[in-house]
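First up is the structure itself, then whatever we jot down about it.
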Number of protein chains: 2
Amino acid sequence: MVSSEETEAQVKTAARTSRLRGRPRSFDRATALEKAILAFWEHGYEATSVSDLTRVMGIGAPSLYAAFGDKRSLFEEVVQEYGARYGSFGDRALAEEPTVRAAMERMLREAAVEYTAPGRPHGCLVIHAATNCSSPEVEESLRVRRNANIAAFESRIRAGIAAGELSADTDATALARHVGAVIQGMSQQARDGASREELEAVAEIAMAIWPRT
Amino acid sequence: MVSSEETEAQVKTAARTSRLRGRPRSFDRATALEKAILAFWEHGYEATSVSDLTRVMGIGAPSLYAAFGDKRSLFEEVVQEYGARYGSFGDRALAEEPTVRAAMERMLREAAVEYTAPGRPHGCLVIHAATNCSSPEVEESLRVRRNANIAAFESRIRAGIAAGELSADTDATALARHVGAVIQGMSQQARDGASREELEAVAEIAMAIWPRT
DNA sequence: GTTTTTCTGTAGCGACCGATAGAGAAATGC
DNA sequence: GCATTTCTCTATCGGTCGCTACAGAAAAAC
């Protein structure tokens, strides 16, 4: 119904069939979809209004609805295309690396690169597309609090280094970020249905990075 | 302007001052605030409308605006009260435990408990208050994709176990969840301004849990 | 050129958003 | 009692939301 293969296939066999009559659309569907990806990626599903979409895609609302259906089906197509275009590094790492360890290492390292790539929104669309804030002040306020938590972790870790619990060359900043990442991930998974026992198992694994006294 | 200390202080000194005249409000401010915490916690800032708030708080819109100011200042008060009431386990662990390791372990374990406590929304309000989705279908679709990713990790880990790379009693489910949590946390921090180098340092630390062949 | 089909722009639909005006009710100080 | 202050209820504001009816323009098939 939406697939571009359909149109392409019918372009090829159109000499005989009676399709492809009438005025063709005046914009490039793939380009418009790419613009929609960036918009949803940056602002999330709710906070990206249809008028935002028509502006960045450079088309009118009726053209958008004719080409992509309603807002939700456009978003579904966006997520799918995003997965194929930007979100496939994980699958590739899992499939191509010979060992689990190599696969995990490559996946994590590529995530660091992909999630901070310049010229496009940071982070993962699938993780954040439900994150919408039309109020920048609220968004900023929450971000400040999260980063303050990580700073508190770091300060505690530095105290531990000063007390001789951890070696003097410990990277306190990175350790704090790591703990923060684990906690934020646990929170996300709690939202996604993980049980207490499952999260406790995650916590126990995360503890393996800390020297046993 | 908003603080309850102000009102309380003036209750105590009200015998002389001319405050506290007129009809007192007919609802309990703290109870109403608690209801607002639960609503924002569950649905996020944007997706919790003022009419949602007036419904769960059991008051009319003018009463809400008179008692809490506009929606944003109510939310700020909600975040502050949430931090004091539900979000303090981390600070307590950091302050009360004698070693960094003990502090981190307690914090992570208590997070597992707090984030899945029955009878209230899962996860952390500060992490998710910018996550709003008035469309359950979209929310579900994204959740399914995130959980599918973790399932893919698990499947790859099981293959590694079968290949003898990891010991046979490895908890593949928990390992997969852990990797997923780290990645989700990295994505969140990329959104919050972390650089590529900072995320790579997190990835490197997370690799410490994997046996070196 | 004519017909047919489809696209595009304008203009507007009903619904909900956050927020408020105004009137009357209720509880105070005196 | 009275005067004063403040709360609460109804009704509604202007604005934006996702979405679409309609008419005219444009490009194909013939």
Side-chain angles (χ1 to χ4, degrees), chain A residues 1 6-7 10-29 31-32 36 39-40 43-78 132-138, chain B residues 6-7 10-11 13-29 31-32 36 39-40 43-78 132-138:
Chain A
M1 186 209 277
E6 181 183 331
T7 2
Q10 270 151 346
V11 165
K12 291 171 187 169
T13 65
R16 281 302 188 78
T17 76
S18 63
R19 285 283 279 111
L20 260 198
R21 301 247 304 235
R23 175 180 176 181
R25 73 165 56 93
S26 64
F27 61 92
D28 181 54
R29 196 178 186 280
T31 303
F40 278 127
H43 301 109
Y45 176 75
E46 299 277 345
T48 304
S49 71
V50 173
S51 67
D52 290 336
L53 289 168
T54 58
R55 196 183 57 250
V56 301
M57 297 166 85
I59 61 178
S63 301
L64 187 154
Y65 281 87
F68 298 100
D70 62 6
K71 184 184 176 185
R72 190 151 72 227
S73 59
L74 168 59
F75 178 70
E76 290 298 331
E77 197 171 347
V78 159
N132 315 275
C133 231
S134 53
S135 159
E137 295 92 339
V138 169
Chain B
E6 181 182 329
T7 1
Q10 269 150 348
V11 165
T13 65
R16 280 302 189 78
T17 76
S18 61
R19 286 284 278 109
L20 264 198
R21 303 246 305 234
R23 176 181 175 181
R25 73 166 55 93
S26 64
F27 60 93
D28 181 52
R29 196 178 186 281
T31 303
F40 278 127
H43 300 110
Y45 176 74
E46 299 278 345
T48 304
S49 72
V50 172
S51 67
D52 290 336
L53 289 168
T54 59
R55 195 182 59 251
V56 302
M57 296 167 84
I59 60 179
S63 301
L64 188 155
Y65 280 87
F68 298 100
D70 63 5
K71 184 185 176 185
R72 191 151 71 228
S73 59
L74 168 59
F75 178 71
E76 290 298 331
E77 197 171 347
V78 159
N132 315 275
C133 232
S134 53
S135 158
E137 295 92 339
V138 169

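Below, chains carry the letters A, B, ... as their sequence lines are ordered, and counting in each starts from 1. Just so it is clear, the structure is predicted and the values come from calculations on it, not from any experiment.
The distance from atom CZ of A:F75 to atom CD of A:E77, rounded to the nearest 0.5 Å, is 12.5 Å.
Among residue pairs with one or both ends in residues 49-62 of chain A, those qualifying as side chain to side chain donor-acceptor pair (under 3.5 Å) are A:S49-A:S51, A:S49-A:D52, A:D52-A:R55; sequence neighbours excluded. Legend: salt bridge (Lys or Arg N to Asp or Glu O under 4.0 Å) pairs involving residues 57-67 of chain A, not counting sequence neighbours: none detected.
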Please tabulate, for the side chains in residues 62-71 of chain B, all donor-acceptor contacts under 3.5 angstrom to protein atoms that are two or more places apart in sequence or on a different chain.
{"residue": "B:D70", "atom": "OD1", "partner": "B:R72", "partner atom": "N", "Å": "3.4"}
{"residue": "B:D70", "atom": "OD1", "partner": "B:S73", "partner atom": "N", "Å": "3.0"}
{"residue": "B:D70", "atom": "OD1", "partner": "B:S73", "partner atom": "OG", "Å": "3.0"}
{"residue": "B:K71", "atom": "NZ", "partner": "B:Y45", "partner atom": "O", "Å": "3.1"}
{"residue": "B:K71", "atom": "NZ", "partner": "B:T48", "partner atom": "O", "Å": "2.9"}

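Between the P atom of C:dG9 and the CG atom of A:L64 lies a distance of 13 Å, rounded to the nearest Å. Nucleotide D:dA26 holds its C1' atom 15 Å from the CZ atom of A:F27, rounded to whole Å. Going from atom CD1 of B:I59 over to atom P of D:dT10 covers 14 Å, rounded to whole Å. A straight line from CE of A:M57 to C1' of C:dT8 spans 15 Å, rounded to a whole angstrom. Counting to the nearest Å, the P atom of D:dT8 and the CZ atom of B:R25 are 7 Å from each other. The nearest whole Å value for the distance from the NE2 atom in B:H43 to the P atom in C:dC17 is 13 Å.
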- Note on the structure: Given protein heavy atoms under 4.0 Å, the one-letter contact record of nucleotides 11-22 of chain D, with B base, S sugar-phosphate only and - none, is simply ------SSBBB-
When you compare the protein's N or O atoms with those of nucleotides 3-5 of chain C, which come within less than 3.5 Å of each other, and at what distance?
{"residue": "C:dT4", "atom": "O3'", "partner": "A:R21", "partner atom": "NH2", "Å": "3.2"}

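At least one side-chain nitrogen or oxygen of B:S63 sits closer than 4.0 Å to the OP1 or OP2 atom of D:dT8.
Direction change of the helix axis from one end of the helix from C:dG1-D:dC30 to C:dC30-D:dG1 to the other is 10°, with five pairs defining each end axis (rounded to 10°).
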